[in-house]
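These notes are about the structure you will find just below.
The structure displayed is predicted, hence computed values, not measured ones.
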Amino acid sequence: MLRISDISYSVEGRPLFEGASATIPTGHKVGLVGRNGAGKTTLFRLIRGELALEGGSITLPSRSRIGGVAQEVPSSSTSLIDTVLAADTERAELLAEADTATDPTRIAEIQTRLTDIDAWSAEGRAASILKGLGFDAAEQLMPCSDFSGGWRMRVALAAVLFAQPDLLLLDEPTNYLDLEGALWLESYLARYPHTVIIISHDRGLLNRAVGAILHLENRQLTLWSGPYDQFARQRAEQRAVQVAAAKKQDLRRAHLQSFVDRFKAKASKAKQAQSRVKMLEKMETIRAPEDAARTVFTFPTPEELSPPIIATESVSVGYDGKPVLSKLNLRIDQDDRIALLGKNGQGKSTLSKMLSGRLEPMGGRFSSSNKLRIGFFAQHQVDELFIDETPLQHLQRERPGEQQSKLRARLAGFGLGADQAETEVGRLSGGQKARLSLLLATLDAPHLLILDEPTNHLDIESREALVEALTAYSGAVILVSHDMHLLSMVADRLWLVKDGRVEPFEEDLEAYRKLLLTTDKPVKPAAASAPKPKRPSREQVQALRADARKCEARVEKLNDMRDKLAKKLADPAMYEPEKISESQVWQKKYAEVMEALDRAEAMWVTSLEKLEKAEA
């Protein structure tokens, strides 16, 4: 059991914890959430003993092992599998001693202990973890130095999972994983035999891998039972109660103060006034919770292009004359929302580069609209910002003739206020850098926006704002992300990149998740005797979308007519004796419009139902 008791800690005079307490029972899986800068990573360092508390205590059972992902894995010549195996230091030490021990009693003790810790299955367990995190059998035998920093971070994660510490502390573990790795990690952590605390902004992970939420707010810790969505709902309800209680108390205070102000000078009422002053002094203030500043993204609106904006026929693409993807027959329209699925190394990045014009096709026919503008965001672009320049200077380079006030407004539209606009990029948080990169990618109002892991470093509120912005965006979107919540809220089409092909994935994201967790076993059909109904063609779906848009436009037009007539009928002059006949005419027209509006809304609902059924 982890006990955090009345702890206090400050950074440069700013208190992060003041009398904060929480108890995490042994074996619990807990998500640690809170605003950026609240002190979540600092809490991990306090638990590990890397920082000294100013007050209070943090206790664990004796001999408990605490584990977390190292900030960097050395670029060594040791193979991946051996790096992971070395993380179990007891097993490594016992095996080393077994090679040199000569005392029969000690040899027996070593063998017994090796059996107790299941040392003989260690290689299989290590290989299984590495495979889940994206390394095939051949790569597991390669040295760490052959892999980039991001991939070595996966090795570090594999090592700590293999070591199975009694308390596992993970800080944003999915930031360097793809969707497949993130889903595997969710499943693994749900079965992990010891206590886990995860700092994460991934709603899928916080809903499926943990059973409680530890919330850090106002320098206090509160443990909520249940996954993230339950926490968010309960917290919203609690905040509503607090707001109502604070409002009620304000009215009570105003009433008492009013009595005091009226009668404090009157002798006959002086005692009553004084008693109310005492009531005011003793009244414990109920404060309404502070609302966080609304997180925003404001994407510019591109003009509409004739469909399709991109089409390919038998296209192949790759590197150095070797195709990675071939026989690509794809079509993208401006209202498409497409998620790219597929394991790492299958070609998602290659496809994104080709669609964005960064990689030329090797063969086949590739066509795109002449006026097509494409915005491209990839995580590496965040690292390519000029760290000694401000966000305002970045925009001035891109828009040298634009007024500074307009540039600041653009920054504010991506949640970068006046302070951040003048702050050097090197001093901004990861989330603020990601916002700047997204702004630069969308500056030209692209018709197609390609986003490769856009949510890394964004907190939950920012991710929700990104969902809202992408939903309202009038251009096409192609997403590569490990964030299942983002994909499920934004994407309406799924493309599976696998075995050198790109094909529509006809099931939903939950079916894809189950497919991955069954280790690539084929999904059994629901019933052999009940063939799956044929999906509507692309042209039929487009026709249904157009019909829904027309119905929506008619409803809007009729709503405008209704509002104008209602305004006219609300004029008292309309009901003067000399205008009675005219008012009756307008009332009749109003009734006709309302009847037409009812019919139009019914047709709109029907068209949306047909479209939803076709896209299901």
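- At a threshold of 4.0 Å, the pair E503-K498 does not count as salt-bridged, since none of the basic side-chain nitrogens sits closer than that to a carboxylate oxygen.
- Residues M362 and S316 form a side-chain contact, since some pair of their non-hydrogen atoms from C-beta on lies under 4.5 Å apart.
- Using a 4.5 Å heavy-atom threshold, the side chains of L214 and W224 count as separate.
- Checked for salt-bridge contact, R35 and E461 miss the test: no charged N lies under 4.0 Å from a carboxylate O.
- Between R493 and D336, at least one side-chain nitrogen of the basic residue sits less than 4.0 Å from a carboxylate oxygen of the acidic one, meeting the salt-bridge criterion.
- Closest heavy-atom contact between L157 and V69: CD1-CG2, 3.8 Å.
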- Test log, rule side-chain contact (heavy atoms from CB on, under 4.5 Å), inputs Q346 and D499: CA-CA 7 Å; Q346 290 290 324; D499 300 330; 4.3 Å; yes
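- At distances below 3.5 Å, not a single donor-acceptor pair connects side-chain atoms of R331 with backbone N or O atoms of I310.
- One finds a salt bridge joining E50 and R48 here, because a Lys/Arg side-chain nitrogen approaches an Asp/Glu carboxylate oxygen to under 4.0 Å.
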- Message: Q230 vs S225, test: side-chain contact (heavy atoms from CB on, under 4.5 Å). Steps then yes/no.
- Response: CA-CA 8 Å; Q230 181 177 320; S225 63; 4.3 Å; yes
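- K514 has no carboxylate O lying under 4.0 Å from a charged side-chain N of E507, or vice versa, which leaves the two without a salt bridge.
- Within a 6.0 Å radius of CD in E123, no more than 12 heavy atoms belonging to other residues, nucleotides or ligands are found.
- Ion pair K343/E180 not flagged as a salt bridge, since none of the NZ, NE, NH1 or NH2 atoms sits closer than 4.0 Å to an Asp/Glu carboxylate oxygen.
- Residues A441 and F377 approach most closely at CB-CB, 4.3 Å, considering heavy atoms.
- A donor-acceptor pair under 3.5 Å is formed between the side chain of R154 and the backbone N or O of L133.
- Looking at R365 and T312, their side chains never bring a donor and an acceptor atom within 3.5 Å of each other.
- Of all heavy-atom pairs between L458 and R463, the closest is O-NE, 2.9 Å.
- Within a 6.0 Å radius of CZ in R358, other residues, nucleotides and ligands contribute more than 12 heavy atoms.
- Aromatic pair F414/F299: centroids less than 6.0 angstrom apart.
- A donor-acceptor pair under 3.5 Å is absent between the side-chain atoms of S128 and the main chain of G124, judged by distance alone.
- The line from OG1 of T83 to CZ of R152 is 10.5 Å long, rounded to the nearest 0.5 Å.
- For Q334 (side chain) and I309 (main-chain N/O), no donor-acceptor pair under 3.5 Å exists by modelled atom type.
- Between G27 and T195 the shortest heavy-atom distance is N-OG1, 2.8 Å.
- Proximity of a side-chain donor or acceptor of Q140 to a complementary backbone N or O of A127 within less than 3.5 Å is detected.
- Scanning all heavy atoms of the two residues, the minimum distance from V30 to I213 falls at CG1-C, 4.3 Å.
- Between Y473 and E468 the shortest side-chain heavy-atom distance does not fall below 4.5 Å.
- In the model, Y319 has a side-chain atom that pairs as donor or acceptor with a side-chain atom of T350 under 3.5 Å.
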- Task: Before giving the answer on ring pair (Phe, Tyr, Trp, His ring centres under 6.0 Å), spell out for F135 and W151 the whole-Å C-alpha distance, their side-chain angles and the decisive distance to 0.1 Å.
- Result: CA-CA 9 Å; F135 299 98; W151 282 96; 5.2 Å; yes
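- Taking a cutoff of 4.0 Å between a charged side-chain nitrogen and a carboxylate oxygen, D136 and K131 do not qualify as a salt bridge.
- Donor-acceptor pairing under 3.5 Å is recorded for the side chains of S187 and R191.
- No donor-acceptor distance shorter than 3.5 angstrom exists from the side chain of R501 to the backbone of L496, with no hydrogens or angles considered.
- Cation-pi geometry between R435 and F297 is satisfied (NZ or CZ under 6.0 Å from the ring centre, within 45° of the ring normal).
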